[in-house]
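Sharing a structure with you now.
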Amino acid sequence: MEDVALRGCVGVLLASLIAGWSFRRNSLNLSGAFAGFMVMATSITASYRFGALLLVFFFTSSKLTKRGADKKREIDAHYKEGGQRDWLQVLINSSLATALALGVAFLTDWNDSCLDSEKAPLVTCLIGGILGHYACCNGDTWSSEIGVLSSSQPRLITTFKHAPRGTNGGVTVSGLVAAAAGGAVIGLTFVMAGLFTASCEGRLASRQLLAFPIGAFAGLFGSVIDSLLGATVQYSGFCAVRKKVVGKPGPTVKKISGQNILSNNGVNFVSVLLTTLGTSVVCLYLF
């Protein structure tokens, strides 16, 4: 239990520093910084590897969010300087994985574990879910932040017709490539961190490398699911007054696509949930 106590101390220290830094940089608002501190400290305490996945997702996504700020300000009707994610956005992108991380910790006596469905099928499912969760979140964020800056006109994923920039469900080639790349980075982080936190030997050790392509697939899969939901159950319309795509109908808004059923947060949660479940099953069969 000494290792757990040490990880807890490291987690609280790192989470405090990063949450404070993120708040000052406008990456998180006050509620987001508090929620971020909680999930970050918990994830690192559960496993350094799970903490690494969260940190790579947070730092790379925050960096891309601030890229092309002037152009995004012109397109996004809800643009916030620096991103300023709140507690709900933080929890949608991390709470499920944090819960799974705690489940793994309890089942493994707070030790990291290899992906091995023969010896530990439930643990493998849970770890696979964590991998898929962060790969989805990172891939979708990379896709959105890079895709909106693409020189090519987005196409609605359901009809492949051109759509205004900022339309929910609009995709570009660069955005889809970015989604796979974002997921691959999470997969690579998972493999590299596992070299230090989990004891895998022989063929089992080499099979852990499959986490890299699984991460890439999960990033792309999650982004596609997010786009399909965005194009169908999330409203997009063009406001003649603001000259921007908006997410709610109104007298000056001309509908582009989707029904006003789910908000952006709702779409993100469903896509993360489906990807998490999908990668859990994939890992159970591949490992």
task = Please report the shortest heavy-atom distance between Tyr134 and Phe50, naming the atom on each side.
result =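 Taking every non-hydrogen atom into account, CE1-O, 4.4 Å.
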request  = State, to 0.1 Å, how close Ala163 and Leu156 come at their nearest heavy-atom pair, and which atoms those are.
outcome  = CB-N, 4.3 Å
key: Gap between atom CG of Asp226 and atom SG of Cys136 - 0.5 Å precision   =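 One finds 7.0 Å between SG of Cys136 and CG of Asp226.
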message = Less than 4.5 Å apart, side chain to side chain, heavy atoms only: is that true for Phe190 and Ile127?
response = yes
query = Considering residues, nucleotides and ligands other than Lys255, do more than 12 of their heavy atoms fall under 6.0 Å from its NZ?
reply =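 Enclosed: over 12 neighbouring heavy atoms sit under 6.0 Å from NZ of Lys255.
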task = Decide if atom CZ of Phe34 counts as having more than 12 heavy atoms of other residues, nucleotides or ligands within a radius under 6.0 Å.
result =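 It does not: Phe34 CZ has 12 such atoms or fewer within range.
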ask   = Are the sulfur (SG) atoms of Cys125 and Cys283 separated by under 2.5 Å?
value =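 With an SG-SG separation of 2.5 Å or more, Cys125 and Cys283 do not form a disulfide.
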message = Within this structure, what is the CG-OG distance for the pair Leu28 and Ser62, rounded to the nearest 0.5 Å?
response =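 OG of Ser62 is found 6.5 Å from CG of Leu28.
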From OG1 (Thr108) to CG (Leu122), nearest 0.5 Å =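 If I round to the nearest 0.5 Å, the distance is 11.0 Å.
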message = Looking at Asn138 and Gly182, would you say the former's side chain and the latter's main chain have a donor-acceptor pair under 3.5 Å?
response =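 Yes, Asn138 side chain to Gly182 backbone: donor-acceptor pair under 3.5 Å.
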inquiry  = Can you confirm whether Trp142 sits close enough to Ser223 that some side-chain heavy atom of one is under 4.5 Å from a side-chain heavy atom of the other?
reply    = no
task = Determine which pairs satisfy salt bridge (charged side-chain N to carboxylate O under 4.0 Å, His left out) with at least one residue from residues 42-59, sequence neighbours left out, and list them in order.
result =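 Those involving residues 42-59 are Arg49-Asp112.
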ask   = Are Leu210 and Leu115 side-chain neighbours, meaning at least one heavy-atom pair lies under 4.5 Å?
value = no
Side chain Ser236, main chain Asn168, donor-acceptor under 3.5 Å =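 Yes: the side chain of Ser236 pairs with the backbone of Asn168.
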task = For Leu131 and Ile214, work out which heavy atoms get closest and say how close.
result = CD2-CG2, 3.9 Å
message = Keeping Ser43 on the side-chain end and Gly51 on the backbone end, is there a donor-acceptor pair under 3.5 Å?
response = no
query = Do Leu91 and Trp87 pass the side chain to side chain contact (heavy atoms under 4.5 Å, CB included) test, and can you show the C-alpha distance, the side-chain angles, and the key distance before you say yes or no?
reply = CA-CA 6 Å; Leu91 293 183; Trp87 68 272; 3.5 Å; yes
message = Can a donor-acceptor pair be found, under 3.5 Å and without considering hydrogens, that links the side chain of Ser144 to the backbone of Thr141?
response =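 Not at all, since once roles are kept as given, no pair shorter than 3.5 Å links the two residues.
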query = With a 4.5 Å limit on heavy-atom distance, are the side chains of Leu126 and Ser280 in contact?
reply = no
query = CD1/Ile225 to CG/Leu273 distance, rounded to the nearest 0.5 angstrom?
reply = 11.0 Å
inquiry  = Using 0.5 Å steps for rounding, measure from the CD atom of Glu118 to the OG1 atom of Thr124.
reply    = 9.5 Å
Value rounded to 0.5 Å, distance of NE2 in His133 from OG in Ser95 =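 Reported to 0.5 Å precision, the distance equals 6.0 Å.
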inquiry  = Let me check something: do Phe57 and Tyr48 share a hydrophobic cluster, defined by ILVMFWY side-chain heavy atoms less than 4.5 Å apart, either directly or through other members?
reply    = yes
inquiry  = Would you say that Pro249 contacts Asn260 through its side chain, given a criterion of any heavy-atom pair below 4.5 Å between the two side chains?
reply    = yes
request  = Search all heavy atoms of Leu220 against all heavy atoms of Leu176 and return the closest pair with its distance.
outcome  = CD1-O, 3.7 Å
inquiry  = For a 4.5 angstrom cut-off between non-hydrogen side-chain atoms, does Thr232 reach Gln259?
reply    =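 Side-chain contact under 4.5 Å: no.
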ask   = Counting distance only, does the side-chain N/O of Gln208 pair as donor-acceptor with the main-chain N or O of Ala205 below 3.5 Å?
value = no
ask   = Are Gln234 and Leu229 side-chain neighbours, meaning at least one heavy-atom pair lies under 4.5 Å?
value = no
query = For Leu286 and Arg207, which heavy atoms make the closest approach, and how far apart are they?
reply =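 Closest pair (atom of Leu286, atom of Arg207, distance): O-NH2, 3.4 Å.
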Where at least one partner belongs to residues 208-235, residue pairs that pass ring pair (Phe, Tyr, Trp, His ring centres under 6.0 Å), sequence neighbours excluded = Phe217-Phe221
task = Could you pull out all residues at least two apart from Asp140 that satisfy side-chain hydrogen bond (donor to acceptor under 3.5 Å, both in side chains)?
result = none
query = What's the shortest heavy-atom distance between Thr279 and Gly132, and which atoms?
reply = OG1-CA, 3.2 Å
query = Got a sec, which residues hit side-chain contact (heavy atoms from CB on, under 4.5 Å) with Leu14, two or more places apart in sequence or on another chain?
reply = Val10, Ile44
ask   = Mind checking what makes side-chain contact (heavy atoms from CB on, under 4.5 Å) contact with Val173, not counting sequence neighbours?
value = Val177
message = Can you list everything that forms a side-chain contact (heavy atoms from CB on, under 4.5 Å) with Leu102? Sequence neighbours excluded, please.
response = Thr42, Phe106, Trp110
